[in-house]
2 protein chains.
Amino acid sequence: MARTQAAEYDQRRRAIVEAAAALYAQHGFLGASVADLAQRCNTSKSLIYHYYQAKEDILFDVMNTHVQALDEAAHAISESPERPEKKLRALAHAFMRLYVGAADRHVVLLNELDNLPKARRAEIVKLQRDLIALVRDMLLEIAPRLETKARAHAAAMLFFGMINWTHTWFDPNGAVSADEIADMAVDVALGGLVRAAG
Amino acid sequence: MARTQAAEYDQRRRAIVEAAAALYAQHGFLGASVADLAQRCNTSKSLIYHYYQAKEDILFDVMNTHVQALDEAAHAISESPERPEKKLRALAHAFMRLYVGAADRHVVLLNELDNLPKARRAEIVKLQRDLIALVRDMLLEIAPRLETKARAHAAAMLFFGMINWTHTWFDPNGAVSADEIADMAVDVALGGLVRAAG
DNA sequence: CCTACCGATCGGTAGG
DNA sequence: CCTACCGATCGGTAGG
């Protein structure tokens, strides 16, 4: 009995996070009220506040589940014995797939970080910094002539720019697939557009 | 007399737009109230509503002034008789400089588009689409093997990703300058990171 | 005695 | 150009 209740508890909590991700992705965190969220879950505000102490805690859950998934994928790839070029490509594919599979969470992570309370924001930012350092070090292995950490960091951010900016334009049902975009971004980073096009 | 009043009118209106850009960049459009804006301008809410009919009209002004500047720079470069590689580089430099010079407006343009009323949003989106088509055509000239418009569009968006994503991390007072970032992004697009590093 | 949950409403603040 | 306000809605909580 207690097991069943716990299972239902987790299931309901996951349903709230998923609805919140969709709502915050579409209207922004401040543009979507707790009442809106309750309505989308066919329940009451009080039920939402039974599962979460504050609105910001829901936002944290949306972001944290996503950034944890990114972090897990990135570390698994990073620790594999492959060449750094191959790791970078695997990471681009994994990220694009996580983006497509969790597009709402991804948009929320990229747009609503400033609406988290300081302490919670710091947790997310720490994980993001780990991801960036991972890519920066891969790029330094691939292109040692980047030399300084500042330039390697800038290169990593240009790479993340290509991948992350897709949330503003990429259509999973469009003419170019997520895997093709991942390959293009890696090809551009490794060899430039001219070679990427061939 | 009327001239002096008109001059003061424009000056005050520009001061409101600038204060609004700073406020919306920092707290988001929904996170900053008209009262906040009035306070930052050392005036009253009513004065704000003397210059603007609605809060969204201020947001439009913030975005429109910036996108008009981008559009003007891009078309001037596009119509020059230079090689497409050189035009792309000039465009990257112009954009990075406009970003540094109008960082608040840039952040607002990239983050708050969804808070504009439909018709106003369409005006901005039209100008942005023009910019994208311009870069897409430059890339097709540089790398004809991109072949389809869909792939050339994706390539243009990867390029804009590198440039636009800087709003999340670039520090004008940091170790790498805006001009260096512009060169890196173009070098990556043209020849890949390995060559860009050399 | 606890949990899960509801209808109604709290004190404050938003844009106008 | 300000003070004084409005209809509505906000995030969060009361009793049961």
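Quick note: numbers below take in every heavy atom, side chains included, and nothing from hydrogens, waters or symmetry partners. Residue numbering restarts at 1 for every chain, and letters A, B, ... go by the order of the sequence lines.
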Is there a side-chain polar atom (N or O) of [X] under 4.0 Å from OP1 or OP2 of [N]?
X: B:Tyr52; N: C:dG16; result: no
X: A:His50; N: C:dA4; result: yes
X: A:Arg12; N: C:dA4; result: no

### Query
Which of these passes salt bridge (Lys or Arg N to Asp or Glu O under 4.0 Å) with A:Arg120: A:Asp114, A:Asp61, A:Asp57?
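It is A:Asp57; the other options fail the test.
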### Within 6.0 Å of CD in B:Glu123, more than 12 heavy atoms from elsewhere
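Count over threshold, so yes.
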### Task
Assign each of A:Thr43 and B:Ala35 to its nearest nucleotide of DNA chain C by heavy atoms, then name whichever residue's nucleotide is nearer the 5' end.
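The residue whose closest nucleotide sits nearer the 5' end is A:Thr43.
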Roughly, in whole Å, what's the span from [atom1] in [X] to [atom2] in [N]?
X: B:Leu37; N: C:dG15; atom1: CG; atom2: P; result: 10 Å
X: A:Asn115; N: D:dC10; atom1: CG; atom2: C1'; result: 14 Å
X: B:Asn42; N: D:dC2; atom1: CG; atom2: C1'; result: 14 Å
X: B:Lys45; N: D:dC2; atom1: NZ; atom2: C1'; result: 12 Å
X: B:Asp36; N: C:dT13; atom1: CG; atom2: C1'; result: 11 Å
X: A:Arg13; N: C:dT3; atom1: CZ; atom2: C1'; result: 15 Å
X: A:Asp57; N: D:dG11; atom1: CG; atom2: P; result: 14 Å
X: A:Leu30; N: C:dT13; atom1: CG; atom2: P; result: 16 Å

### Query
With a non-hydrogen cut-off below 4.0 angstrom, is B:Ala38 in contact with a base, only sugar-phosphate, or nothing?
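Contact class for B:Ala38: none.
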### Query
Base, sugar-phosphate alone, or nothing: which one does A:Ser46 contact when heavy atoms must sit under 4.0 Å apart?
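The answer is base, as A:Ser46 lies within the cut-off (heavy atoms under 4.0 Å) of a base atom.
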### Query
Between A:Glu141 and A:Arg83, is there a salt bridge with N-O shorter than 4.0 Å?
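A salt bridge is absent here (no side-chain N lies under 4.0 Å from a carboxylate O).
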### Message
By nearest atom, which of the nucleotides C:dG15, C:dC5, D:dG11 is closest to the B:Tyr49 side chain?
### Response
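Of all the options, the side chain of B:Tyr49 is nearest to C:dG15.
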### Query
Where the side chain of A:Tyr51 is defined as all heavy atoms beyond and including C-beta, which of C:dC5, C:dG16, D:dG12 is the nearest nucleotide?
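Taking heavy atoms from C-beta onward, the closest nucleotide is C:dC5.
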### Task
State, yes or no, whether a side-chain contact exists between B:Phe29 and B:Glu56 at a heavy-atom distance under 4.5 Å.
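Heavy-atom side-chain distance check passes, below 4.5 Å.
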### Message
Can you confirm whether B:His75 sits close enough to B:Leu134 that some side-chain heavy atom of one is under 4.5 Å from a side-chain heavy atom of the other?
### Response
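Heavy-atom side-chain distance check passes, below 4.5 Å.
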### Task
Provide the distance between the two P atoms, one in C:dA8 and one in D:dG12, to the nearest whole Å.
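Approximately 22 Å lies between the P atom of C:dA8 and that of D:dG12.
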